[in-house]
Amino acid sequence: MRIGILQCGQAPAELKQDMGDYPDMFVRLLDGRGFDFRTWHVEAMEFPASVHDADGWLLTGSRHGAYEDHPFIPPLERFIRDAYDAGVPMVGICFGHQIIAQALGGTVVKHPDGWSVGTQDYDFDGETVRLNAWHQDQVVVLPQDAQVAGRSAFCENAALIYGDRAYTVQPHPEFSDDFIRGLMDKRGKGLVPQDLLDRADERMGETKGSAIVADRIEAFFKQPRAIAKGAA
């Protein structure tokens with residue numbers, strides 16, 4: 001099964017050499033699950049010719065806000081709506097979670113309660129899953145077809161499911177503690193309140209449920225569904 005990675009942002013240059021960029025992290029997260037991958041750097045205006053160029057799409061995180069004025073956002077929203085209408089499954093993580101919601105009629109805002117950084121506890125259908133987070137923006141109004149599939153005390157809409165067409169998650173199953181520590185150092189200082197950085201540092205090393213989310217992503221992509229419109 002070919003998964004097209006739509007790269008919506010880039011890891012800090014100082015971290016890429018040792019930890020890779022966002023597509024590399026997803027390839028590692030989903031390794032050994034029968035997927036092959038191709039990346040389109042949509043942030044740099046590199047888009048697939050068709051929503052059928054892959055069997056499913058995975059939208060990465062980004063330092064940009066979904067509501068901001070960047071050239072890649074309108075065509076990305078059109079692509080999301082076209083893929084959704086065609087029944088080609090999509091998974092979105094962090095910015096990917098937000099831009100899918102926005103493209104389908106939801107609302108994303110810079111949350112007035114501030115940041116979520118580092119290890120957080122999420123309720124996924126009654127199962128507590130610890131995952132790394134790095135965000136201030138949140139989905140606050142759901143699209144018509146979305147149902148909540150995961151939440152935390154800070155983020156009510158932390159995971160959304162849109163039938164068999166999209167599955168999106170606000171936290172980062174692909175982010176290791178080392179990468180979070182790097183973000184704290186390279187992007188967090190002076191941006192994220194120091195007490196949140198200190199709290200994140202205290203929880204470093206706690207076992208994460210990234211494999212649980214990877215299982216859910218795999219199951220979502222591989223579930224039986226009708227042949228997408230326009231597919232060969």
Side-chain angles (χ1 to χ4, degrees), residues 8-9 22 25-26 29 58-68 73 80 90-163 165-177 179-181 183-184 187-188 191-204 206-217 220:
C8 304
Y22 295 151
M25 297 177 195
F26 283 107
L29 177 71
L58 194 159
L59 286 74
T60 75
S62 176
R63 67 186 304 174
H64 304 303
Y67 46 77
E68 293 174 349
I73 287 180
I80 289 165
M90 294 177 287
V91 166
I93 303 298
C94 197
F95 174 88
H97 163 81
Q98 297 160 8
I99 195 67
I100 289 173
Q102 181 174 284
L104 298 177
T107 302
V108 179
V109 301
K110 190 177 295 292
H111 204 274
D113 290 339
W115 287 83
S116 182
V117 172
T119 306
Q120 308 293 323
D121 296 333
Y122 296 89
D123 178 357
F124 281 77
D125 300 324
E127 181 179 13
T128 298
V129 181
R130 285 179 178 153
L131 296 166
N132 276 319
W134 186 272
H135 69 98
Q136 185 175 9
D137 295 348
Q138 290 195 34
V139 178
V140 294
V141 177
L142 302 186
Q144 181 177 354
D145 295 342
Q147 294 184 321
V148 177
R151 53 175 51 87
S152 72
F154 179 75
C155 186
E156 180 64 24
N157 303 313
L160 301 174
I161 186 77
Y162 302 71
R165 298 195 179 199
Y167 177 61
T168 69
V169 178
Q170 176 61 65
H172 286 278
E174 80 281 17
F175 280 7
S176 67
D177 280 1
F179 189 76
I180 288 288
R181 198 181 297 279
L183 287 178
M184 290 165 60
R187 288 188 177 170
L191 179 65
V192 179
Q194 188 61 46
D195 64 318
L196 292 184
L197 296 177
D198 292 342
R199 205 174 310 160
D201 190 62
E202 290 171 1
R203 296 195 68 177
M204 288 288 177
E206 293 186 22
T207 300
K208 305 301 187 294
S210 295
I212 295 171
V213 178
D215 288 344
R216 291 175 181 234
I217 292 172
F220 172 76

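Looking at Q138, its side chain does come within 3.5 Å of a backbone N or O of F154 through a donor-acceptor pair. A donor-acceptor pair under 3.5 Å is formed between the side chain of Q102 and the backbone N or O of A66. In terms of modelled atom types and a separation under 3.5 Å, the side chain of D177 and the main chain of M204 share no donor-acceptor contact. Put simply, the side chain of H97 gets close to the backbone of N157: a donor and an acceptor are under 3.5 Å apart. With T60 contributing its side chain and C8 its backbone, the two residues share a donor-acceptor pair below 3.5 Å.
Not a single side chain to side chain donor-acceptor pair (under 3.5 Å) links Q120 to another residue, sequence neighbours left out. Every side chain to side chain donor-acceptor pair (under 3.5 Å) that R199 has, sequence neighbours left out, goes to D195. D198 pairs by the salt bridge (charged side-chain N to carboxylate O under 4.0 Å, His left out) definition with nothing, not counting sequence neighbours. D123 meets the salt bridge (charged side-chain N to carboxylate O under 4.0 Å, His left out) test with no other residue; sequence neighbours excluded. For E202, there are no side chain to side chain donor-acceptor pair (under 3.5 Å) partners, not counting sequence neighbours.
Checked for salt-bridge contact, D137 and R63 miss the test: no charged N lies under 4.0 Å from a carboxylate O. With respect to D121 and R203, a salt bridge is recorded, a charged nitrogen being found less than 4.0 Å from a carboxylate O. Ion pairing between a basic and an acidic side chain is recognised when a charged N comes within 4.0 Å of a carboxylate O; D145 and R165 show no such pairing.
Nearest heavy atom pair, residue A166 against residue I100, reads CB-CG2, 4.4 Å. Between Q170 and C94, the shortest heavy-atom contact is NE2-SG, 3.1 Å. Minimum interatomic distance between L29 and A214 (heavy atoms only, all atoms of both residues): O-CB, 3.8 Å. Nearest heavy atom pair, residue P171 against residue V169, reads CD-CG1, 3.4 Å. The minimum heavy-atom distance linking P173 with S210 is given by the pair O-OG, 2.7 Å. Of all heavy-atom pairs spanning P143 and G106, the tightest one is CG-N, 3.8 Å.
At least one side-chain heavy atom of V91 sits less than 4.5 Å from a side-chain heavy atom of F220. At least one side-chain heavy atom of T168 sits less than 4.5 Å from a side-chain heavy atom of Y162. Between R181 and L183 the shortest side-chain heavy-atom distance does not fall below 4.5 Å. With contacts defined as side-chain heavy-atom distances shorter than 4.5 Å, the pair R130/T207 does not qualify. K208 is listed as a side-chain neighbour of N132, based on a closest heavy-atom distance under 4.5 Å. L142 has its side chain within reach of V148: a pair of non-hydrogen atoms, C-beta onward, lies under 4.5 Å apart. The side-chain heavy atoms of I80 and L59, taken from C-beta on, include a pair separated by under 4.5 Å. The shortest distance between side-chain heavy atoms of Y67 and I73 does not fall below 4.5 Å.
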F175 vs L131, test: side-chain contact (heavy atoms from CB on, under 4.5 Å). Steps then yes/no. CA-CA 8 Å; F175 280 7; L131 296 166; over 6 Å; no

Working note: K110 + E68, criterion salt bridge (charged side-chain N to carboxylate O under 4.0 Å, His left out); need CA distance, chi angles, decisive distance, verdict. CA-CA 11 Å; K110 190 177 295 292; E68 293 174 349; 5.1 Å; no

Under the side-chain contact (heavy atoms from CB on, under 4.5 Å) criterion, do I93 and H172 qualify, and how do the steps go? CA-CA 7 Å; I93 303 298; H172 286 278; 3.9 Å; yes

Kindly indicate, with the supporting measurements, whether the criterion side-chain contact (heavy atoms from CB on, under 4.5 Å) is fulfilled by V140 and H111. CA-CA 9 Å; V140 294; H111 204 274; 4.2 Å; yes

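In this structure, the separation between CG on D201 and CG on L196 is 12.5 Å, given to the nearest 0.5 Å. Here the CG-CE distance, from L104 to M90, works out to 6.0 Å after rounding to the nearest 0.5 Å.
Annotation: Q144, atom CD; neighbour count of heavy atoms from other residues, nucleotides and ligands within 6.0 Å does not exceed 12.
Each ring pair (Phe, Tyr, Trp, His ring centres under 6.0 Å) pair with one or both residues in residues 119-139, not counting sequence neighbours, appears once here: W115-W134.
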